[in-house]
Amino acid sequence: MSQPLSQRLQSVRGMNDILPPEAEHWARLEAAVIACLEAYGYKPIRLPIVEPTPLFTRAIGEVTDIVEKEMYSFVDSLNGEELTLRPEGTAGCARAVIQHGLANQSTQRLYYLGPMFRHERPQKGRYRQFHQIGAEVFGLAGPDVDAELILLTRRLWRDLGLVGMRLQLNSLGQPEERARHRADLIAYLEGFAASLDEDARRRLQSNPLRILDSKNPQVREICAGAPRLLEYLGAESLAHFAGVQRILRDAGVEFDINPRLVRGLDYYNRGVFEWVTDKLGAQGTVCAGGRYDGLVAQLGGKPTPACGFALGVERLMALCAAQDGMAAPSPPEVYLAHQGEAAGRLAFRVAEMLRDTGVKTLLHCGGGGFKAQMKKADGAGAAFAVIIGDDEASSDEVQLKSLREATTGQRRVRVDALPGLIHEHFFNDTARKEDKHGGI
Ligand code: ATP
Ligand code: MG
C-alpha cells in the first residue's frame, strides 16, 4: 500500500532514529562495553540481520512469545524463501559456529552487537527495533564460564558508573528434571485453569514453564505458589549451580535466587540470570543470559556446551541517563572561520594540518561574514576559533582566538606554528585527556 505523496513519511512505529547527540552517547557506551568484553578475551563476530525462519522456530521454541507473535517474518518474493528479521542474536551465532566449525578446534568467546526486531507493543524500554550487545561462549561446560560472564557484566556496570543493579539467579536443570517438574506444574496450574488468561491456558499442555514468565499480575500471583523447579534438580545440576554461586561469593557479587526466573526462550538449561534495576519502571531487566547446552545439537551441530548473555542497549542508555552517567558530547576543539578566496584555500590546508596532529576541527562551510561564522563557532562549543582573511592568507598566517577564556584575546600566528601552539599553549594536555575519556 503506497502512501499519498502529501503524507509525510515517518519511521515505522517502534523503530526509532537515534539522533545526535544521543547517537554519540550510544557510540561511547558501545565502546565501553566492547573494551570490557575484550578485556575478558571475547572476539567480535558479525552476523546477518536476516536469517531463515526455521532457525528461530527451532532454536527459540514454537510456544514462546517471540515465535508465536513477535517475529517479523516474510517470504522472499524472488525465491520463496521464508525469512525473519532476527529477534535475538544467540540462534544466529550458534548457526554460524556450526556452519563454520568454529567450536571444533578451540573454545570460542564471541560477542556481537546490533539491531533486533520484535513485534511488541511499543512503550518506554520496549521497541520493535531495539539493540542488543551479546556475548556467547561455546565449548565449556563448567560453572566457571557462567560466573565469568556475570563478573564481566558486574565490571561493566562499574565502568559505566551504574549503581543499584541487582542480580537474580535460577537454575532450569536438565531436560529430565524439567520433565518431572512439568508434570507437577501442569497438575498445579490445572487447579487454577479458570483464573488463567488465554495465553496461559493455551500453554498449559504445550509449554507450562513459560507460564511462569507471564507478565499478567493475576497469573503471576497464581505462579507464586507453583512447584519450584529448583526442588527437582539432581546432584549434577545442583553442583553446577552451587559452583556458580561459590565463584560469585568469592568475588563479592551479591545475588538473589529467583525460582520464577525462566527466561523467554526455550533453549536455556541449568544456570540463568538477569540483572535488574528498579529505576526503569516495568522494563527493568537490562541484561539476561544463561546456559544453553542443548542448542548447538538441536540445530544440527555436534553437542557443544554453551552459555551467554544479551544486554538491551536502549535500557542501558536510559539507565546511564537516569544516573547522570553521561558526559557532555565532545565539541570540536577548533572552529575554522574564513572569508575570501585565498583564505578559503588556506583554511582547507590548515584544517587538514590540524587534524593530522589530532585536533578535532570543524571547518566552516557555506560562506557568510565573520560575525555569523563566530556565532557558529560559539554554538558548536569549540575551544578555539582559527580565523583567516585574505590578509592573513597572503602572509601564511592566521588569527587564533580562545573562545572559553575571555581574557586570552586574539593573536596572529604563523600557520606552521599553529598546531604546536594549540597543543602546548592553549591546551592543558592532562585536562584534555580527562575530558576525552571521562564518563561515557
Ligand atoms: P522482557 O521480559 O523485558 O520482554 P526478554 O526476556 O524478552 O525481555 P531477552 O530476549 O532475554 O528479553 O533479551 C535480552 C535483553 O534485551 C532484555 O533484558 C532487554 O534489556 C532487551 N530487550 C528485549 N526485548 C526488548 C524490546 N522489545 N525493546 C527493548 N529492549 C528489549
Ligand atoms: Mg520479551
Side-chain angles (χ1 to χ4, degrees), residues 12-16 18 26 29-30 33 56 59-61 63-72 84-94 111-136 149-150 153 156-157 160 162 165-170 172 199 203 207 209-217 219-220 223 258 260-269 271-292 295 307-322:
V12 176
R13 186 164 129 80
M15 304 196 183
N16 300 316
I18 314 293
W26 273 60
L29 177 86
E30 286 165 358
V33 180
F56 300 114
I60 299 171
V63 192
T64 56
D65 277 352
I66 294 180
V67 171
E68 281 184 336
K69 51 191 180 196
E70 296 176 358
M71 293 208 305
Y72 283 92
T84 293
L85 298 185
R86 64 183 183 191
E88 54 93 57
T90 302
C93 193
Y111 74 85
Y112 52 83
L113 68 171
M116 307 292 162
F117 302 84
R118 296 185 193 176
H119 200 281
E120 303 197 66
R121 190 171 68 78
Q123 54 197 290
K124 188 169 167 282
R126 195 175 289 287
Y127 309 99
R128 291 181 175 172
Q129 174 175 328
F130 63 99
H131 297 75
Q132 286 185 339
I133 303 179
E136 318 284 357
L149 285 165
I150 294 172
T153 45
L156 182 62
W157 316 144
L160 297 174
L162 299 176
M165 296 283 263
R166 283 176 295 111
L167 175 65
Q168 301 199 334
L169 298 183
N170 192 20
L172 302 182
D199 260 355
R203 288 178 180 177
N207 198 347
L209 198 60
R210 282 284 76 77
I211 301 175
L212 300 182
D213 197 31
S214 167
K215 302 226 163 27
N216 177 338
V219 176
R220 290 177 84 101
C223 290
N258 175 359
R260 313 277 151 232
L261 184 66
V262 293
R263 317 280 316 100
L265 309 95
D266 267 356
Y267 51 60
Y268 288 105
N269 69 318
V272 289
F273 68 92
E274 286 192 357
W275 283 99
V276 293
T277 171
D278 53 14
K279 300 195 171 60
L280 293 178
Q283 269 55 252
T285 305
V286 176
C287 173
R291 184 162 275 286
Y292 50 93
L295 181 64
C307 60
F309 68 75
L311 57 85
V313 178
E314 282 80 359
R315 294 186 194 176
L316 197 52
M317 281 300 303
L319 197 58
C320 288

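We count ligands from 1, going down the list as the structure has it; atoms in each ligand are counted the same way. Fair warning: this is a prediction, and the values are worked out from it, not measured in the lab.
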Which bit of [X] gets closer than 4.0 Å to ligand 1, counting heavy atoms only: side chain, backbone, both or neither?
| X | value |
| --- | --- |
| Glu120 | side chain |
| Lys215 | side chain |
| Val286 | backbone |

Output for pair (Leu162 CG, Thr153 OG1), nearest 0.5 Å, gives 11.5 Å
Considering all protein heavy atoms, does one lie under 4.0 Å from atom 8 (O) of ligand 1? no
- Side-chain (Asn258) to main-chain (Gln168) donor-acceptor, under 3.5 angstrom: no
Minimum heavy-atom separation for [X] to [Y], with atom names?
| X | Y | result |
| --- | --- | --- |
| Leu160 | Leu316 | CD1-CD2, 4.1 Å |
| Phe273 | Phe309 | CZ-CB, 3.6 Å |
| Cys320 | Leu29 | SG-CD1, 4.0 Å |

- Query: Salt bridge between Arg210 and Glu68, side-chain N to carboxylate O under 4.0 Å?
  - Reply: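 Result for this pair is no, no salt bridge flagged.
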If the threshold is 4.0 Å, N to carboxylate O, is there a salt bridge linking Lys69 and Asp199? yes
Heavy-atom nearest neighbour in the protein, as seen from [atom], with distance rounded to 0.1 Å:
| atom | value |
| --- | --- |
| atom 30 (N) of ligand 1 | Phe130 CD1, 3.5 Å |
| atom 16 (O) of ligand 1 | Gln132 NE2, 3.1 Å |
| atom 17 (C) of ligand 1 | Thr285 O, 4.0 Å |
| atom 28 (N) of ligand 1 | Tyr127 N, 3.0 Å |
| atom 21 (C) of ligand 1 | Gly312 CA, 3.7 Å |
| atom 29 (C) of ligand 1 | Gly125 O, 3.3 Å |
| atom 1 (P) of ligand 1 | Arg126 NH2, 3.5 Å |
| atom 6 (O) of ligand 1 | Arg263 NH1, 3.4 Å |

task = State the atoms of ligand 1, each with its element, that fall below the 4.0 Å cut-off from a heavy-atom position in Ala288.
result =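 The list of qualifying atoms is 11 (O).
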Open item on the list: Is the ring pair Trp275/Trp157 parallel, tilted or perpendicular, if the boundaries are 30 and 60 degrees?
Closed with: perpendicular
Applied to residues 119-129, the salt bridge (Lys or Arg N to Asp or Glu O under 4.0 Å) test, sequence neighbours excluded, yields Glu120-Arg126
Restricting to heavy atoms, the pick from Glu70, Arg118, Arg128, Glu88 nearest atom 12 (O) of ligand 1 would be Arg118
